[in-house]
**Q** 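Structure below; questions to follow.
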Protein chains: 2
Amino acid sequence: MKLSTRGRYGIHTMYDLALNGENGPQSIKAIAERGGMPEAYLEQLISGLKKAGLVTSTRGAQGGYMLARSADKITVGDVLRALEGGLSLVECLDGEDCCDKACACPSRIVWQKLRDGMTAIVDGITLQDMVEDYRRMNAQEDKTT
Amino acid sequence: MKLSTRGRYGIHTMYDLALNGENGPQSIKAIAERGGMPEAYLEQLISGLKKAGLVTSTRGAQGGYMLARSADKITVGDVLRALEGGLSLVECLDGEDCCDKACACPSRIVWQKLRDGMTAIVDGITLQDMVEDYRRMNAQEDKTT
DNA sequence: TGCTAACCCGAGTGAAAAACTCGGAATTAA
DNA sequence: TTAATTCCGAGTTTTTCACTCGGGTTAGCA
């Protein structure tokens with residue numbers, strides 16, 4: 001039950017865009033370098049973010065990516081859903097075909113509660129929140145040291 | 001970000017024991033058959049549940065497994081932790097070694113919130129709850145049909 | 001105009017993890 | 001004593017993940 005790199009890289013990328021987006025479109029190369037992520041792979045992931053309508057791109061030289069809307073209008077949930085393919089921990093909640101095996105329906109209730117809880121959490125955190133949380137954390141540290 | 005079969009089979013198995021445990025120890029064969037799970041594989045998983053102290057076993061003919069304590073004292077979280085190896089969605093929350101890459105710390109806060117939320121949910125559901133929820137569901141259906 | 005920096009896209013690959021099997025030893029009720 | 005059952009470690013197969021590669025398109029800029 002671990003998050004794949006898709007989710008992690010994705011969040012990191014979006015966070016990067018939230019920070020650096022003011023300075024014009026950011027190239028894959030720049031994002032990958034800052035985040036220590038493999039360039040060619042990141043390209044794939046960003047393509048997913050674009051399909052989901054979370055980022056926009058401008059092609060050609062000096063091109064790159066920017067957030068499709070302001071950072072306080074994009075939630076962590078948006079990003080994870082785009083890259084991880086849904087937040088439910090079991091298949092049988094995605095489609096409507098209930099399974100015949102071990103996932104028979106007493107467990108189903110459990111998975112539903114989990115999914116709903118997780119959804120509420122990640123949809124309650126925007127990129128903007130992340131930026132502010134982090135700033136606050138650093139401010140805290142500056143005081144104590 | 002899907003649950004592995006370990007978690008699913010595990011929950012199903014424990015639920016089975018909560019239901020059928022009154023009739024003496026349940027053999028792997030019986031549990032596997034009822035749940036449509038591969039017998040040899042289930043053996044492995046139950047061994048994990050035993051190590052975690054969630055079930056007890058009696059060997060020899062007529063042997064099998066029973067819950068180690070009453071169903072209202074075992075949570076879904078206990079089972080998932082035993083079989084999935086922790087509930088955190090990223091490595092860097094398990095050990096103390098913060099990563100150097102894409103999981104740099106702005107994201108960390110997000111994963112912590114998620115883990116804590118998930119933990120609260122699964123620790124709030126006991127096997128007893130599952131049994132009762134399911135009974136209630138069936139009762140509901142009987143009325144409407 | 002042409003060069004180069006970038007996005008775009010689909011297919012391919014290697015390693016690792018997940019899911020499951022197998023064989024044999026130890027235990028115990030009947 | 002036999003058959004049912006747990007116990008245990010090692011092996012195998014399948015699937016997914018993480019990532020690469022090559023070639024195409026677009027557009028700024030000299």
Side-chain angles (χ1 to χ4, degrees), chain A residues 1-10 12-13 17 20 23-33 35-66 68 80 83-86 89-91 99 101-103, chain B residues 1-10 12-13 17 20 23-33 35-66 68 80 83-86 89-91 99 101-103:
Chain A
M1 199 183 26
K2 287 281 176 285
L3 209 60
S4 67
T5 55
R6 302 176 66 84
R8 281 189 288 123
Y9 287 173
H12 194 61
T13 298
L17 289 180
N20 303 110
N23 315 328
Q26 300 295 312
S27 70
I28 286 180
K29 193 175 176 190
I31 301 172
E33 238 160 46
M37 302 178 273
E39 212 174 309
Y41 186 41
L42 187 57
E43 195 182 312
Q44 275 194 2
L45 303 191
I46 292 196
S47 143
L49 293 172
K50 199 191 167 193
K51 263 181 206 145
L54 297 174
V55 301
T56 59
S57 62
T58 60
R59 304 182 65 168
Q62 318 309 321
Y65 297 88
M66 302 188 68
L80 293 184
L83 293 179
E84 295 275 343
L89 289 181
V90 294
E91 303 290 347
C99 39
K101 286 190 169 186
C103 161
Chain B
M1 199 184 25
K2 287 281 176 284
L3 210 59
S4 67
T5 56
R6 300 177 66 83
R8 282 189 287 123
Y9 287 173
H12 194 63
T13 298
L17 289 180
N20 302 110
N23 315 328
Q26 300 294 313
S27 72
I28 286 181
K29 193 176 178 188
I31 301 172
E33 238 160 46
M37 303 177 272
E39 212 175 308
Y41 187 42
L42 186 58
E43 192 182 315
Q44 275 194 4
L45 304 191
I46 293 197
S47 143
L49 293 173
K50 200 192 165 191
K51 264 181 203 143
L54 296 175
V55 301
T56 58
S57 62
T58 60
R59 304 182 65 171
Q62 318 309 321
Y65 296 88
M66 301 188 69
L80 293 184
L83 294 179
E84 295 275 341
L89 289 182
V90 295
E91 303 290 347
C99 38
K101 285 194 173 182
C103 161

**Q** If only side-chain N and O atoms of A:Ser57 are considered, is one of them under 4.0 Å from the OP1 or OP2 phosphate oxygen of C:dC8?
**A** yes
**Q** State which of C:dT21, C:dA19, C:dC7 makes the closest approach to the side chain of B:Pro38.
**A** C:dT21
**Q** So, is A:Tyr9 near the phosphate of D:dC17, with a side-chain N or O under 4.0 Å from OP1 or OP2?
**A** no
**Q** If you take all heavy atoms of A:Glu84 and B:Met1, which pair is closest and at what distance?
**A** OE1-N, 3.2 Å
**Q** Using whole Å, report how far CG of B:Leu3 lies from C1' of C:dA17.
**A** 15 Å
**Q** According to side-chain hydrogen bond (donor to acceptor under 3.5 Å, both in side chains), does anything in residues 36-45 of chain B pair up with another residue at least two apart or in another chain? List the pairs.
**A**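 Applying side-chain hydrogen bond (donor to acceptor under 3.5 Å, both in side chains) to every pair that reaches into residues 36-45 of chain B, excluding sequence neighbours, yields B:Thr5-B:Tyr41.
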**Q** Kindly point out which of D:dC21, D:dC7, C:dC7 is positioned nearest to the side chain of B:Tyr65?
**A**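 Of all the options, the side chain of B:Tyr65 is nearest to D:dC7.
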**Q** Applying side chain to side chain donor-acceptor pair (under 3.5 Å), can you list everything that pairs with B:Ser27, at least two apart in sequence or on another chain?
**A**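 With sequence neighbours excluded, B:Ser27 shows a side chain to side chain donor-acceptor pair (under 3.5 Å) to no residue whatsoever.
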**Q** Quickly work out the B:Met66 CE to D:dT6 P distance and round it to whole Å.
**A**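 Spelled out: CE on B:Met66 to P on D:dT6 is 13 Å.
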**Q** Taking only residues two or more places apart in sequence or in another chain, which ones pass side-chain contact (heavy atoms from CB on, under 4.5 Å) with B:Met66?
**A**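 B:Met66 satisfies side-chain contact (heavy atoms from CB on, under 4.5 Å) with B:Pro25, B:Thr56 only.
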**Q** Indicate whether OP1 or OP2 belonging to C:dA19 is found under 4.0 Å from a side-chain N or O atom of B:Thr5.
**A**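 Yes, within the criterion.
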**Q** Going by number, which of residues 41-51 of chain A have a non-hydrogen atom under 4.0 Å from DNA chain D?
**A**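 Nucleic-acid contacts, sorted: A:Tyr41, A:Gln44.
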**Q** For every nucleotide of nucleotides 25-30 of chain D, 5' to 3': is a protein heavy atom under 4.0 Å from its base (B), only from its sugar-phosphate (S), or from neither (-)?
**A** BBBS--
**Q** Please identify each residue that fulfils side chain to side chain donor-acceptor pair (under 3.5 Å) with B:Lys50, with sequence neighbours left out.
**A** B:Ser57
